[in-house]
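Written out below as structure tokens is the structure these notes cover.
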Amino acid sequence: MCGIVGYIGKQNAVDVLIDGLRKLEYRGYDSSGIAIVDHTGLNVQKAEGKLANLQEKIKDDNLHSSIGIGHTRWATHGRPSDYNAHPHTSQNGRFAVVHNGIVENYLSLKETYLAGEHFTSETDTEVVAHLLEKFYNGNFEETVVKVLDVLEGAYALVMVCADEPDKIIACRKDSPMVLGVGEGESFIASDVPALLAYTRNCMYIEKGELCVLTRDGITIKNHALEVIEKEIHAIEWDAEAAEKEGFEHFMLKEIFEQPAVFKKTIAGRIQGASVHFDEFELTPEQVQKWKKIYIVACGTAYHAGLVGKQIIEKMARIPVEVEIASEFRYRDPMLDEDTLVIVISQSGETADTVAALREAKKHGCKVMAITNVVGSAIARESDYVIYIWAGPEISVASTKAYTTMLIAEYLLGVYLAQQKGMPNAEERAAILDGLQNLPEITEQVLTDDYLAQIQNAAEGFKDANDIFFIGRGFDWAIALEGSLKLKEISYIHAEAYAAGELKHGTLALVTEETPVIAICVQESTYDKTASNIKEVKAREAKVLAIINEGDDQAQKFVDQTLSIPKINNFIAPVLAVIPLQLISYYTAKARGCEIDQPRNLAKSVTVE
Ligand code: M6R
């Protein structure tokens, strides 16, 4: 998704902007651009494609300025091109604007205020630059407020004015942005990694606030332009955590980080045989009041929700429905004060999930977030937050965020049961014990020997056109995640089916050309899944099975097995999904795909 960087201070803004935009490349983008204010006035440079194209374009221009804004764009209104790339300027070239989000009423704004004006792009953003010019009264701040008054939609906006070259103005509504506080310099970015090389002191901007960045510091104002005091937070992520640390891809690095981040997700939350969250405390009365839970999320987070449903229903005996966020709010769900809505989102900024959260709040529901990003929209707007503490996830394909979402759900399932006074104390203690052993056990599926087996399996998948994943119960939930991961980064068509459902139609597609990956980890459904595997074997499909260590039956009816170490069967999904992540990774690698930034996808999806 789009990335924003802004800088004012003592360094050459061009260098800071390009460096910051490079740190945001992981968000996915199709073009980039910068605007600086120099001796010529506003100087805007843009290029379609990778950031290297922009660097090539400006390399001989000797650009220099102490103030500038930059952007990486992911197309929404208008195709990827130089002219649709940001920054966009006003007609007289006095204002430049970079924008994340969507100005929903841009067509009516054009008609009402800007009739007859010439636009150089197809974007909604250019309207903002034109409005700044239209409403300019000699005071940049007042002009921005007037423009904000007529905008509808979601935005993070950063603007410069050639007539007031000592300030950058920024504001946001529904799209994220963070301010970096330096000495004699100020920064703004859509994401923390763009700031890490320069400062660890940051401020989060709330909806409707106006930020004025100067060389002497940052002032936050409200809509009436009165100054608001803001707390400065220390960024705890170190710069190294955002680098690849010797791994060929961020995805592989993030898969390998799982044992370490599992420890962080659990840390301080297991106290003896019970769970405690620093972030909130629920009384027995509150938990008993919830007659129903909705889990709402998108993509991988939705798949985590499918596991969460089974955990919560089993542990706390509260009925749970799992919904895709983009469907949830359009189907008039039955929500009331006795319903808890759990939103799951790594980024905490996914537009569909944010919209679902707001819909739930409108109906008086309490909302609990499971997220990775402190200060994100979802974290700020929810009543209760469980952070997964996975650290920055750069690869578009989510791995460690998924597994830590599952761990958060196990903790939550145990917590709800314990607060509700359920009589399953022994079962809860066994789960907590298993979670504590998980980091160490996970190391065993990240050995060279194990990776070699997976690379060997990937060789068998790399030329397939279609691959099926099958499983039952928990095994089906992770099969869905395995198939999403494979199609996302290897571009092989992959589908996951509840193993028992194949024979109701999809079995017609199974031939010797369609490899099948079967997850056979859940003991309670093992025999039934084995029967379904025999059905696909009878159609000549090659089958790889993910099994528990010590299973000496599977070899008799599948072609290949990958085992996971023995662990409490209820928490096995966390472990069993790791070979699926690695199969996707090595299959994509064998096909020569661009793993960390798959085509057409973005890390943080902030449009609906
Ligand atoms: O940031 P979120 O967890 O809300 O993101 C939701 C999905 O966009 C995300 O999980 C997506 O499906 C991943 N790229 C999958 O690997």
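Both ligands and their constituent atoms are indexed starting at 1 by order of listing.
Of all protein heavy atoms, the one lying nearest to atom 8 (O) of ligand 1 is Val605 CG2, 4.1 Å. Ranking protein heavy atoms by distance to atom 7 (C) of ligand 1, first place goes to Cys298 O, 3.6 Å. The nearest protein atom to atom 3 (O) of ligand 1, hydrogens excluded, is given as Gln346 N, 2.6 Å; this is a heavy-atom distance. Atom 1 (O) of ligand 1 has Ser347 OG, 2.7 Å as its closest protein atom, hydrogens excluded (heavy atom only). The protein heavy-atom contact nearest to atom 10 (O) of ligand 1 is Thr300 N, 3.1 Å.
Here the closest heavy-atom approach between residue Ile478 and residue Val577 is recorded as CD1-N, 3.9 Å. The two residues Val158 and Ala170 have their closest heavy-atom pair at CG2-CB, 4.0 Å.
Counting the atoms of ligand 1 from 1 in the order shown, those under 4.0 Å from a heavy atom of Ala301 are 3 (O), 10 (O). Those atoms of ligand 1 with a heavy atom of Gly299 less than 4.0 angstrom away are 12 (O). Set against the non-hydrogen atoms of Glu488, the atoms of ligand 1 under 4.0 Å away are 13 (C), 14 (N), 15 (C), 16 (O). Atoms of ligand 1 found under 4.0 Å from any heavy atom of Ala397, numbered from 1 in the order shown, are 16 (O). Less than 4.0 angstrom separates some heavy atom of Ser345 from each of these atoms of ligand 1: 1 (O), 2 (P), 3 (O), 4 (O).
At least one heavy atom of Lys485 sits less than 4.0 Å from an atom of ligand 1.
Applying the salt bridge (charged side-chain N to carboxylate O under 4.0 Å, His left out) rule to Glu409 yields no partners; only residues at least two apart in sequence or on another chain are considered. Qualifying side chain to side chain donor-acceptor pair (under 3.5 Å) partners for Lys314, counting only residues two or more places apart in sequence or in other chains: Glu427.
Glu327 and Arg331 are not joined by a salt bridge, as no carboxylate oxygen comes within less than 4.0 angstrom of a charged side-chain nitrogen. We find that Lys173 and Glu206 are not joined by a salt bridge, their nearest charged nitrogen and carboxylate oxygen being 4.0 Å or further apart.
Around NZ of Lys366, the count of heavy atoms belonging to other residues, nucleotides or ligands within 6.0 Å does not exceed 12. Heavy atoms of other residues, nucleotides or ligands lying less than 6.0 angstrom from NZ of Lys50 number more than 12.
For the pair Thr350 and ligand 1, the shortest N or O to N or O distance falls below 3.5 Å. In terms of polar-atom proximity, Val396 is counted as a contact of ligand 1, with an N or O under 3.5 Å from an N or O of the ligand.
The cationic atom of Arg172 (NZ for Lys, CZ for Arg) does not lie both less than 6.0 Å from the six-membered ring centre of Tyr155 and within 45° of the ring axis.
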